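These numbers come from the heavy atoms of this one structure, side chains and all, not from hydrogens, waters or symmetry mates. Keep in mind that this is a model prediction, so the values were computed, not measured.
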Amino acid sequence: MHSKLTEHEIEILAGYRFACNAESSAFSFHAADLLSGERLHGTLLAIQERLRAPDLKVTASILMKRYSFYVVINLFAMSVLNKSINGAIENISFHDNGKPGFIPDIEYSDISADSIGCNRLKARAEICRQTFAGHLYPIIDMLSKETKLSKLILWENIAIYIFWLYETQLEQYMDLEVTERIESDFQYLVYEAPGSIFGNLHANPLHRYYSEKVLLPEREKPARIRQTCCLSYKAGAKKMCGGCPRFSRK
């Protein structure tokens, strides 16, 4: 029998755009809509308008950056809460909350959450397989086919938020038990998980993007320079990301 996320857990996950009863909005879509060519195109056009993006390539890239919080939610639940939540495509929808730049809430219709038992390595592999191979891989495939945007950009958009989560967001939850779990999970995601966990891939797509941070003269803190450009500078406020490879080449 499935248990559900507690109110406290829901409150914590809400900080990463998790929602279980999203308010009605002028624009929303189901994750499964992105697997239909016709519905995907219409959804991208609506997002393009909200982003003030010049084309669907830029739109798809920024959409995947927003989508990456779905990954953050699942991995946070796994590493911090030690729970497996339902990340299946049919369980997920996105709701425009009116924030500038299209920062949607991510609704999980079913908020059942199983505590991860003693066989944690097996459970971790299954959670990651559902999150990546079962959900993100087909979405990435469709976005790339529809817009001709490189999958390398889409995967790096996901990778940077995974690195952000484990390197900056989880420090406050560090105690002896949780620290070991967090470090083990991050090691697995970046170095140990095979390509099959992420989809029909020969190699782990996250590992290639995990480089050392560097301190640029114009920056106060070291940053990991991206290998691909996410194209965000072409939309909205037209600002470059902190790790933009274009910025670092100036």
Side-chain angles (χ1 to χ4, degrees), residues 12-19 29-31 33-35 40 43-44 47 50-51 53 57-80 85 87-89 91-97 99 101-108 127-144 147 149-170 185-186 189-190 193 197-199 201 204-211 223-224 226-233 235-236 239 241-244:
I12 294 173
L13 291 174
Y16 298 100
R17 304 176 193 168
F18 173 89
F29 64 92
H30 294 282
D33 291 342
L34 303 184
L35 298 180
L40 170 59
T43 300
L44 286 173
I47 296 173
R50 284 162 171 76
L51 291 173
K57 279 190 176 182
V58 175
T59 302
S61 180
I62 298 177
L63 170 59
M64 187 50 62
K65 294 182 79 171
R66 307 296 185 260
Y67 214 115
S68 295
F69 275 80
Y70 155 80
V71 184
V72 166
I73 291 167
N74 288 7
L75 296 182
F76 185 101
M78 178 182 77
S79 293
V80 178
I85 59 178
I89 288 179
N91 193 45
I92 307 299
S93 57
F94 294 78
H95 300 263
D96 187 357
N97 53 29
K99 293 180 181 178
F102 183 61
I103 312 293
D105 295 322
I106 305 174
E107 181 175 28
Y108 287 61
I127 292 168
C128 292
R129 191 183 304 279
Q130 180 190 64
T131 299
F132 295 105
H135 189 138
L136 278 172
Y137 181 82
I139 298 292
I140 287 174
D141 192 50
M142 286 295 294
L143 284 174
S144 182
T147 67
L149 181 68
S150 169
K151 292 180 182 179
L152 296 178
I153 294 175
L154 295 171
W155 277 112
E156 188 165 21
N157 287 355
I158 296 167
I160 61 172
Y161 281 101
I162 294 175
F163 303 157
W164 168 78
L165 172 68
Y166 283 94
E167 292 178 337
T168 70
Q169 295 295 296
L170 302 188
D185 288 350
F186 192 41
L189 285 161
V190 176
I197 287 289
F198 300 91
L201 300 173
N204 182 322
L206 305 181
H207 177 68
R208 67 183 297 155
Y209 302 114
Y210 193 62
S211 59
R224 181 173 290 110
R226 288 182 58 121
Q227 295 180 29
T228 67
C229 177
C230 72
L231 308 176
S232 293
Y233 76 96
K239 293 183 178 179
C241 302
C244 181

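Relative orientation of the H135 and Y67 rings is perpendicular, given thresholds of 30° and 60° on the angle between their planes. Ring orientation note: the planes of F94 and F29 are close to parallel, at an angle under 30° on the 30°/60° scale.
Residues N91 and I85 have side chains not in contact (no heavy-atom distance under 4.5 Å, counting atoms from C-beta outward). Residues I139 and L35 have side chains in contact (heavy-atom distance under 4.5 Å, counting atoms from C-beta outward). I73 places a side-chain heavy atom less than 4.5 Å from the side chain of Y108.
Using modelled atom types, one finds a donor on one side chain and an acceptor on the other under 3.5 Å when comparing S61 with N157. Residues D33 and T43 bring no donor and acceptor atom of their side chains to less than 3.5 Å of each other.
D105 pairs by the salt bridge (Lys or Arg N to Asp or Glu O under 4.0 Å) definition with nothing, not counting sequence neighbours. Residues satisfying the salt bridge (Lys or Arg N to Asp or Glu O under 4.0 Å) test with K151, not counting sequence neighbours, are D141. Applying the salt bridge (Lys or Arg N to Asp or Glu O under 4.0 Å) test to R66 and every residue at least two apart in sequence or in another chain returns nothing. Taking R17 as the reference, nothing meets the salt bridge (Lys or Arg N to Asp or Glu O under 4.0 Å) condition, with sequence neighbours excluded. For Y209, there are no side-chain hydrogen bond (donor to acceptor under 3.5 Å, both in side chains) partners at least two apart in sequence or on another chain. Residues that satisfy the ring-ring contact (aromatic ring centres under 6.0 Å, His included) test with F69, not counting sequence neighbours, are Y161, W164.
Side-chain N or O atoms of Q130 include one that pairs as donor or acceptor with a backbone N or O of G87 at under 3.5 Å. Between the side chain of N97 and the backbone N or O of I103, at least one donor-acceptor pair lies under 3.5 Å. Checked by atom type and distance alone, the side chain of S144 never pairs as donor or acceptor with a backbone atom of I140 at under 3.5 Å. Side chain of Q169 to backbone of F76: no donor-acceptor contact under 3.5 angstrom is found.
Here the OG1-CD1 distance, from T228 to I153, works out to 5.0 Å after rounding to the nearest 0.5 Å.
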